[in-house]
Amino acid sequence: MFALVEDNAFVRIVNSNKGITIGDNQYPKTIFSLWTNEEREAIGIYEVVVDSSNKQDEYFYINTDISYSYADNVVTGSYGTATAKPLADILFEDGDVIPSDKEVGDIKQYGLKGLEINKIKQQASGLLSPTDWHVVKATEVADYSVPSDVATYRTNVRAKSNEMETQINACSDVDALKTLFTWVYDEDTNTTSRPLASFPEVI
């Protein structure tokens, strides 16, 4: 990424895929690939250094646009302070434009907690569905019972789903929620783990 600097001030980002006109001079696009930094800087073209220290995971945060500045012969692109996305669901209120199938108090937009809990419910459903036929058969065939290993597995899937929901609902801020999903490598055991519980292995 390159920027045009004039009178010791950032002017604009320039398109490195085409030539550029600066004052009365026109330059081909090859200046961005063949010229040295010193040659480009002599005509006011600087490679941008992006400072990502304020940039956050876009799933959990809303990042600002990059702002650009020139100082000490360097053009820097910087992010402002990111804003955490809502943890809680946003509900329809009086005065909102409410769809015909919704009403005041219904969910207008899921918060991060609601999104993650929905994912867990879907995962649990996906894990249970291959063994649903055992349960159906047990209700329709008098002399058939759900195998004990299947029954235990289904119980454990539901228990882990509930455990994860409890962990998510207990988070008081976005950083705590993010930490639940952060995998950490343990050199002693040569394994990775995360604070959030995990579903049992599929049988």
Side-chain angles (χ1 to χ4, degrees), residues 1-93 95-97 99 107-120 122-123 167-168 170-187 190-196:
M1 184 189 306
F2 296 90
L4 174 63
V5 171
E6 293 179 346
D7 298 326
N8 291 319
F10 167 82
V11 176
R12 60 183 172 87
I13 296 296
V14 298
N15 185 348
S16 60
N17 292 320
K18 62 181 183 179
I20 183 172
T21 299
I22 302 175
D24 296 327
N25 300 311
Q26 186 171 357
Y27 300 92
K29 68 178 181 180
T30 52
I31 68 170
F32 299 105
S33 58
L34 299 181
W35 286 25
T36 65
N37 283 338
E38 289 75 14
E39 289 172 326
R40 284 191 295 264
E41 289 171 7
I43 62 170
I45 301 295
Y46 287 75
E47 190 165 6
V48 178
V49 177
V50 177
D51 177 2
S52 297
S53 56
N54 283 336
K55 188 178 182 181
Q56 300 290 338
D57 187 325
E58 293 181 353
Y59 180 78
F60 296 96
Y61 291 86
I62 300 171
N63 289 299
T64 67
D65 292 333
I66 299 179
S67 60
Y68 300 94
S69 62
Y70 173 76
D72 300 324
N73 291 322
V74 177
V75 174
T76 303
S78 304
Y79 291 88
T81 302
T83 301
K85 292 183 179 180
L87 278 177
D89 298 335
I90 299 173
L91 307 180
F92 283 108
E93 300 178 345
D96 288 339
V97 177
I107 294 174
K108 180 180 182 180
Q109 177 183 326
Y110 282 105
L112 290 174
K113 286 183 179 182
L115 288 171
E116 291 305 325
I117 288 174
N118 282 341
K119 289 180 185 177
I120 288 169
Q122 291 171 5
Q123 290 171 354
Q167 288 179 279
I168 289 170
C171 292
S172 59
D173 56 40
V174 169
D175 285 339
L177 181 65
K178 183 180 177 182
T179 298
L180 285 182
F181 295 88
T182 302
W183 291 88
V184 179
Y185 177 71
D186 187 331
E187 294 183 356
N190 197 33
T191 59
T192 55
S193 61
R194 66 181 185 182
L196 188 69

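Legend: residues meeting ring pair (Phe, Tyr, Trp, His ring centres under 6.0 Å) with Phe181, ordered by chain and number and at least two apart, are absent. For Ser52, the side chain to side chain contact (heavy atoms under 4.5 Å, CB included) partners at least two apart in sequence or on another chain are Val50, Lys55, Tyr79. Residues forming a salt bridge (Lys or Arg N to Asp or Glu O under 4.0 Å) with Lys108 (at least two apart in sequence, or on another chain): Asp96. Here Ile107 pairs with Asp89, Leu91, Tyr110 under the side chain to side chain contact (heavy atoms under 4.5 Å, CB included) rule; sequence neighbours left out. In this view, Asp175 satisfies the salt bridge (Lys or Arg N to Asp or Glu O under 4.0 Å) rule with no residue, not counting sequence neighbours. Listed by chain and residue number, Tyr185 satisfy the side-chain hydrogen bond (donor to acceptor under 3.5 Å, both in side chains) test with Asn190 (two or more places apart in sequence, or in another chain). Asn37 pairs by the side chain to side chain contact (heavy atoms under 4.5 Å, CB included) definition with Arg40, Glu41, Glu47, not counting sequence neighbours. Under the side chain to side chain contact (heavy atoms under 4.5 Å, CB included) criterion, Ser172 pairs with no residue, sequence neighbours left out.
Counting all heavy atoms, side chain and backbone alike, Thr64 lies closest to Thr81 at CG2-O, 3.5 Å. In terms of heavy atoms, Cys171 sits closest to Leu180 at SG-CD1, 3.4 Å. In plain terms, the two heavy atoms of Ile13 and Met1 that are nearest each other are CD1-SD, 3.9 Å.
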Side-chain donor/acceptor pairs under 3.5 Å, residues 15-29, sequence neighbours excluded:
residue : atom : partner : partner atom : Å
Asn15   : OD1  : Asn17   : N            : 2.8

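Atoms CD and OG1, from Gln56 and Thr83 in turn, are 10.5 Å apart once rounded to the nearest 0.5 Å. Rounded to the nearest 0.5 Å, atoms CG (Asp72) and CG (Asn8) are 10.5 Å apart. Atom CZ of residue Arg12 and atom CZ of residue Phe2 lie 14.0 Å apart, to the nearest 0.5 angstrom.
Under the 4.5 Å side-chain criterion, counting only non-hydrogen atoms from C-beta, Ile31 is not in contact with Glu39. Within the 4.5 Å cutoff, side-chain heavy atoms of Thr179 are placed close to those of Pro195. The side-chain heavy atoms of Leu196 and Ile168, taken from C-beta on, include a pair separated by under 4.5 Å.
Each ring-ring contact (aromatic ring centres under 6.0 Å, His included) pair with one or both residues in residues 49-72, not counting sequence neighbours, appears once here: Phe10-Tyr68, Tyr46-Tyr70.
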For this session: Check the pair Leu87 / Val174 against side-chain contact (heavy atoms from CB on, under 4.5 Å), numbers first and verdict last.
Result: CA-CA 7 Å; Leu87 278 177; Val174 169; 4.1 Å; yes

Problem set entry | Worked verdict on Ile45 versus Trp35 for side-chain contact (heavy atoms from CB on, under 4.5 Å) | CA-CA 11 Å; Ile45 301 295; Trp35 286 25; over 6 Å; no

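Surrounding CG of Asp173 are more than 12 heavy atoms belonging to other residues, nucleotides or ligands, all under 6.0 Å away. Enclosure of atom CG in Asp65 is not indicated, since only 12 or fewer non-hydrogen atoms of other residues, nucleotides or ligands lie within 6.0 angstrom.
No donor-acceptor distance shorter than 3.5 angstrom exists from the side chain of Lys113 to the backbone of Leu177, with no hydrogens or angles considered.
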